[in-house]
Amino acid sequence: MNSVDAYAAELLEGLNEPQRHAVQHPGGPLLVIAGAGSGKTRVLTHRVAYLVRSGQCGLGEILAVTFTNKAAAELRHRVGDLLGRSTRGLWVATFHSACARILRVEAEKLGYTRQFTIYDSDDSKRLVKRCLEAEGADTKRFTPNAVRNQISDHKNRLRSVEQAQDLAAGHYDRTVADAYAAYQKQLVANNAMDFDDLMGRTVDLFERYPDVRERYRRAFKHVLVDEYQDTNPAQYRFLQLLCMDDPMHQAGPSGGGTGRDAKGGGEDTNALTAPLAGEEPGHRNLMVVGDDAQSIYGFRSADIRNILDFEDDFPDAEVIKLEQNYRSTQHILDAANGLIGHNSNQRPKHLFTEEGEGDEVRVRAMQDDHAEARWVVSEVERLAGEGVPLGEMAVLYRTNALSRAIETSLTQAELDYQVIGGVRFFDRAEVKDALSYLQWLHNPANTVAFARVVNRPRRGIGDTSVGRMLNHAASTGVTPLEVIADPAAAGLKTAAVKAVGAFAEQIAELRETLFGAPDEAGVGGTASGSDLRVADLVEDVLRVTGYRSELERSEDPQDEGRLENLDQLHAYAEEFDAEGTAGAGEGTGSEDAFHALDRFLQQTALLSDADSKANGPEGQVTLMTLHNAKGLEYDAVFLVGLEDGIFPHSRAIDSGELEEERRLAYVGITRARRHLAITWARRRAMYGPPQSQVPSRFLRELPHEALDETSPEAMSGQPSFGGSERGRRDFSQIGRIGRGSSPSRPGGPPRDLSSLGLKRGSDLVSSKADAPPAPTWQPGQRVRHVKFDTGEVVRMDGDVVVVHFDDVGEKRLIAGFARLEALG
DNA sequence: ATATACATCCTTTTT
DNA sequence: GGATGTATAT
């Protein structure tokens with residue numbers, strides 16, 4: 001072994017057999033099936049480092065693709081650590097940012113300028129809405145969101161407008177296809193691309209310009225992909241084009257070229273992959289890493305068949321399975337294995353660990369959502385007492401709506417928590433407003449940004465006026481910037497003309513700061529403000545437009561927070577400026593303001609909440625949806641709301657997406673290192689009155705040996721005193737509790753509360769701080785005063801239970817009451 | 001043009 | 001429960 005080899009071999013130390021195998025893979029297609037917690041990032045980073053150290057290629061000849069910025073950053077960081085040197089030159093990017101980078105350079109070839117704007121889903125929704133309205137479609141039946149999703153699906157499956165129209169069978173599909181046509185036309189007119197276009201247009205580019213494709217194919221000798229199970233057909237084709245023999249011969253508009261389009265017909269045809277003779281050979285060095293069991297983005301057109309059929313697509317592919325788990329204890333893995341075993345569409349695998357059995361997975365049935373929340377919180381407290389940091393605990397749920405009860409209980413217990421999800425920073429209205437100003441200054445053709453800011457803050461330019469200006473712009477093929485120079489031409493009334501005039505002046509002033517000299521409306525000026533920083537520009541926008549002063553003047557307490565967000569945006573821009581100047585140290589000279597803005601917008605468009613999604617740094621319990629939990633791990637995990645209709649979600653049940661739901665549960669289970677508890681509630685208030693719930697079918701699929709269930713009914717959802725229908729109707733405020741030792745009917749009511757769903761002391765905890773000592777209840781004990789879950793008081797007076805409705809209102813109380821009445 | 005009051009609708013969402 | 005959109009009034 002020569003010294004180079006020895007140097008590279010260091011990178012193999014500490015890897016297990018299959019991991020090492022993957023890292024050393026000589027070349028050609030490689031699929032690594034990486035079970036949860038099996039060290040897939042390790043394999044990826046070590047392979048990148050190994051390729052470089054063993055001299056197989058240069059750092060700059062590797063492209064590593066991920067789905068999130070966070071994953072990309074981590075990958076880069078860890079490769080840097082392994083190599084002990086800078087990773088500049090290494091392409092680690094998300095699919096979208098890699099494409100955006102390519103498209104900036106090649107935009108002209110596709111009829112765009114390199115200043116094109118990237119529309120986020122909100123922007124594109126607005127544009128779709130406008131298109132639908134222009135078409136005269138009924139936006140009740142064709143909601144902008146639904147239509148946008150359909151269009152997105154078309155794009156992700158690489159269906160052109162024409163293909164979509166050809167495919168459209170019914171009226172609905174045709175309307176969608178027409179909207180797609182109009183929308184796409186508008187995007188080009190706006191010099192804008194949506195997220196899906198970043199992929200799709202790059203694919204277009206590669207297909208239409210073989211020389212361009214060839215250039216990139218040569219630039220990257222090795223391509224590595226993370227989370228391959230989540231790739232959609234567009235991403236799949238992108239990889240093909242980068243690595244493989246020319247797959248394009250020809251999937252023309254009318255041809256059978258829709259690849260894996262199930263709707264389009266042949267389930268098994270795959271025009272993308274047919275290896276074609278006589279073309280220049282691709283390097284074929286494609287390594288993909290993923291876990292089919294964690295494919296949970298089907299609703300966003302991710303196609304699990306990409307990972308399931310990898311060997312069919314690439315007959316010479318090597319497949320390596322990583323099944324040793326370094327995260328969880330065996331009981332948790334058993335639960336995961338048992339559950340996922342119920343899926344048929346999968347690659348069989350069996351996770352194992354050397355860490356030992358650990359705790360059993362606890363499954364608990366709760367009276368209702370409040371009891372569930374309270375139980376979770378009491379467990380959080382218990383574990384905290386055992387030394388598990390709050391930041392190492394997470395509560396996971398299917399839908400965001402389920403977080404509320406948990407939040408309430410955590411607050412009452414005075415425990416710190418963070419909720420992941422909800423509105424992202426860059427999606428907040430005020431932040432988007434500010435960014436839209438910047439976007440419009442940068443790309444005056446951007447009508448969405450224009451429509452957004454023209455009357456914000458309120459300037460007396462109403463919807464009708466905005467509509468007229470947009471129409472005018474569209475029909476005369478002119479940008480909104482030119483429209484506001486002569487608003488009367490768009491047919492505005494005098495008051496509106498005046499208001500627009502004031503707005504135009506503000507914009508002129510801002511353009512002057514950005515471009516230096518005043519220029520004729522339109523195409524970016526010549527010499528632009530030399531050392532203007534983006535942060536200054538943000539501030540100028542807020543000042544000149546009166547946006548900031550409007551908020552400062554406001555009485556609304558929420559506006560305080562909005563100002564803070566704007567300050568945060570400013571701080572973010574300052575950071576960006578600092579990085580820019582630091583990086584541009586050598587030779588580049590001072591970058592002009594316009595170009596800085598260009599880079600700034602590019603970056604922010606593809607940024608999400610970046611790093612906020614992590615373990616609560618210190619002392620914070622984390623709450624989030626299962627989707628958000630992918631890739632994370634915690635010492636203790638609580639999976640709540642395991643009820644049919646919630647999880648699996650009713651819409652998934654209806655549309656036969658149970659396997660994906662099951663994978664989602666699998667993801668949840670495998671987040672836990674040592675402690676896992678799964679709960680469901682007999683009754684839950686979602687929207688409106690509480691509904692009876694049935695335990696999730698997934699609970700029945702968990703292997704009993706791995707579980708700790710309080711009672712048989714925890715699984716079945718049946719009261720232990722089974723028998724006839726009862727307890728599901730409405731009742732008076734008085735119920736009776738059976739008494740004495742002789743049940744009044746066969747298998748009749750027991751006399752204690754255990755069958756009421758109140759099984760343990762913790763179910764009867766007082767939630768009010770100043771309430772009398774919370775009476776907990778133990779089997780066999782007589783009960784006099786009970787504090788019910790939401791704080792309502794239940795007093796037992798002999799046989800009769802009297803319920804006091806206080807400030808909370810009665811609908812929550814009925815839940816507890818149903819069970820009491822059931823005994824009567 | 002805008003403020004307010006009522007109705008309506010609810011998955012998940014890496015970019 | 002709440003955010004969004006439409007109808008109505010000013």
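These numbers come from the heavy atoms of this one structure, side chains and all, not from hydrogens, waters or symmetry mates.
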May I have the distance from A:Asn628 (atom CG) to B:dT11 (atom C1'), rounded to whole angstrom? 13 Å
Please give, in whole Å, the distance from B:dA3 C1' to A:Arg458 CZ? 9 Å
Using the side-chain contact (heavy atoms from CB on, under 4.5 Å) criterion, which residues pair with A:Thr66? Sequence neighbours excluded. A:Ala71, A:Ala72, A:Leu75, A:Thr94, A:Asp226
Mark this stacking check for A:His649 against B:dT11 as yes or no, applying ring centres under 5.5 Å and ring planes under 30°. yes
Pick one for B:dT11: is it syn, with its angle within 90° of 0, or anti? syn
Within the distance-only criterion (no hydrogens, no angle test), does the side chain of A:Asn232 pair as donor or acceptor with the backbone N or O of A:Gln235 below 3.5 angstrom? yes
For A:Glu133, I'd like to know if atom CD has over 12 heavy atoms of other residues, nucleotides or ligands within 6.0 Å. yes
Would you mind reading off the distance between A:Met193 atom CE and B:dT15 atom P, rounded to a whole angstrom? 19 Å
Need to verify one output field. Residue with the more 5' nearest nucleotide on DNA chain B, A:Thr399 or A:Arg300? A:Thr399
Minimal heavy-atom distance between A:Asp291 and A:Ile307, with the atoms involved, is N-CD1, 3.8 Å
In whole angstrom, give the distance that lies between atom CG of A:Asp153 and atom C1' of B:dT13. 14 Å
Give one of base, sugar-phosphate or nothing for A:Thr66, where a contact means two heavy atoms less than 4.0 Å apart. nothing
Return the set of residues passing salt bridge (charged side-chain N to carboxylate O under 4.0 Å, His left out) with A:Arg130 (not counting sequence neighbours), or none when no residue passes. none
A:Tyr687 OH - B:dC10 C1' separation (whole Å): 5 Å
Counting any heavy atom closer than 4.0 Å, what does A:Asp196 reach on the DNA or RNA strands: base, sugar-phosphate only, or nothing? nothing
In plain terms, say whether A:Asp433 and A:Arg452 are close enough for a salt bridge, that is, a side-chain N and a carboxylate O under 4.0 Å apart. yes
Is A:Ser465 touching bases, backbone alone, or none of the nucleic acid, heavy atoms closer than 4.0 Å? sugar-phosphate
Spacing between A:Ile406 atom CD1 and C:dG1 atom C1', to the nearest angstrom: 16 Å
Looking at the side chain of A:His96, which of B:dC10, B:dT13, B:dT15 is the nearest nucleotide? B:dT15
Relative to the ring of A:Phe142, is the ring of A:Tyr172 parallel (under 30°), tilted (30 to 60°) or perpendicular (over 60°)? parallel
Dump the pairs, protein N or O against N or O of nucleotides 4-10 of chain C, anything under 3.5 Å, distances to one decimal.
none

What's the closest nucleotide to the A:Phe195 side chain, out of B:dT11, B:dT13, B:dT15? B:dT15
A:Glu659 has an atom CD; how far is it from atom P of B:dT12, in whole Å? 22 Å
Here's a test of your reading of the structure: between A:Glu660 and A:Ile461, which maps to the more 5' nucleotide of DNA chain B? A:Ile461
Could you check how far CD1 of A:Ile646 sits from P of B:dT11, rounded to whole Å? 12 Å
